[in-house]
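Quantities reported herein were computed from a predicted structural model and do not represent experimental measurements. All ligand and atom numbering here is 1-based and tracks the order in the structure. The first residue of the sequence shown is numbered 1, and numbering continues consecutively from there.
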Amino acid sequence: MEELRVTGGGHLGPIDSSRIPRYAGAATFARLPRLDQVDRADVAVVGVPFDSGVSYRPGARFGGNHIREASRLLRPYNPALDVSPFERVQVADAGDMAVNPFNILEAIETVQQNALDLTADGTRLVTLGGDHTIALPLLRAAAERAGSPVAMLHFDAHLDTWDTYFGAEYTHGTPFRRAVEEGILDTEAISHVGTRGPLYGVRDLEDDRRFGFGIVTSSDVYRQGVDEVVDKLRARIGNRPLYVSVDIDVLDPAHAPGTGTPEAGGITSRELLEILRGLRGLNLVGADVVEVAPAYDHAELTGVAASHVAYDLVTLMADTLTPASEDK
Ligand SMILES: N=C(N)NCCCC(=O)O
Ligand SMILES: [Zn+2]
Ligand SMILES: [Zn+2]
């Protein structure tokens, strides 16, 4: 079948949903071309079907394809930021990394190497998880490409700075402690956003503070509001290279039931999208959306939320990769 695509700005865009119904054909993110259909991509969306690091419900290995399926309804113009991201830059779907489900250390190596390969000529990655374990190798690759430790905004119900689970160092609850230990995070500019729920003890928070993390809890977002939160986050990040990691369980289970470790009292998808849009202009070098577990989803709620989050992350990257005058 002929692929009728939207083109603009010299870039190959998504399949034209006014001519080929959006539910037809195999899914790529936002119906974008595959990476092998373009010369190079400025931004690539890549999946990591891996969930061997989870402590509770499994199933995030299916998250990437669930997000792709739910992304069929995305449209090419993002009015919230007044940007047509797929016209501004070349965006493509790089498919899935082939990671070993039986060997976590090998899987981490594979993710790191694939991320380095994909970013070798300046491509920026938005990664679809997969469980949160994969943020560690993605941050390693981001720091290597940035040539320095990176700032990070971590949207999550959880701290993910715990030490070990059952003696295991590499799990979805421990990536950011490892990242601090490895010196790949700029500890002057790292914050959790949306945390809530019971912890193992007050020491979890003491350790986390010692590592340098700032915390904007889910309650803070509710009580202070998005604008105040954005101002604080931006002040901390400045112009440092920034990595954004979005664990979809940052959303309330009402907005994102399809995840492995849900916690009550989360932020709304509107709040999350508004905070992300507030990051406009920052030097976003990499991002992930993780912990989407479709087996627990209903009516594609979690897939739709995650696909919109990924779309706004792609838009933020497209926005900073080109001067505003080149838009539309
Ligand atoms: N990264 C996510 N989603 N969850 C971490 C939860 C770790 C725990 O079971 O205590
Ligand atoms: Zn979480
Ligand atoms: Zn997490």
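- L74 has its side chain within reach of H308: a pair of non-hydrogen atoms, C-beta onward, lies under 4.5 Å apart.
- Of the heavy atoms in E291, only side-chain atoms (C-beta onward) come closer than 4.0 Å to ligand 1.
- Side-chain contact between T261 and S55 is present, with heavy atoms from C-beta onward closer than 4.5 Å.
- Looking at Y56 against ligand 1, nothing comes within 4.0 Å, counting heavy atoms.
- Only the side chain of D249 comes within contact range of ligand 1, with a heavy atom under 4.0 Å; no backbone atom does.
- When each atom of ligand 1 is checked for a heavy atom of S55 under 4.0 Å away, the hits are 6 (C), 7 (C), 8 (C), 9 (O).
- H158 and D160 share no donor-acceptor pair across their side chains, judged by distance under 3.5 Å alone.
- Take a cut-off of 2.8 Å around the Zn ion (ligand 3): the protein N, O or S atoms inside it are H132 ND1, D156 OD2, D160 OD2, D247 OD2.
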- [ ] Using the salt bridge (Lys or Arg N to Asp or Glu O under 4.0 Å) rule, take E181 and R178 through it: C-alpha gap first, then chi angles, then the decisive distance, then the call.
- [x] CA-CA 5 Å; E181 289 168 351; R178 297 289 93 80; 2.8 Å; yes
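- Partner of W162 under the ring pair (Phe, Tyr, Trp, His ring centres under 6.0 Å) criterion, chosen from Y170, Y200, F211: Y200.
- Close contacts between ligand 1 and Y200 involve ligand atoms 8 (C), 9 (O), 10 (O) [criterion: under 4.0 Å to a heavy atom].
- Side chains of L242 and N283 form no contact here, defined as non-hydrogen atoms less than 4.5 Å apart.
- Side-chain atoms of H192 and D208 form a donor-acceptor pair, as typed in the model, at a separation below 3.5 Å.
- Atom numbering of ligand 1 starts at 1 in the shown order; those under 4.0 Å from a heavy atom of T261 are 2 (C), 3 (N), 4 (N).
- With a heavy-atom cut-off of 4.0 Å, D247 touches ligand 1 through its side chain alone.
- A salt bridge links E274 with R277: the distance from a Lys NZ or Arg NE/NH1/NH2 to an Asp or Glu carboxylate oxygen falls below 4.0 Å.
- Taking 4.0 Å as the cut-off between side-chain N and carboxylate O, D227 and K232 do not count as a salt-bridged pair.
- For D156, no nitrogen or oxygen atom sits less than 3.5 Å from a nitrogen or oxygen atom of ligand 1, counting backbone and side chain alike.
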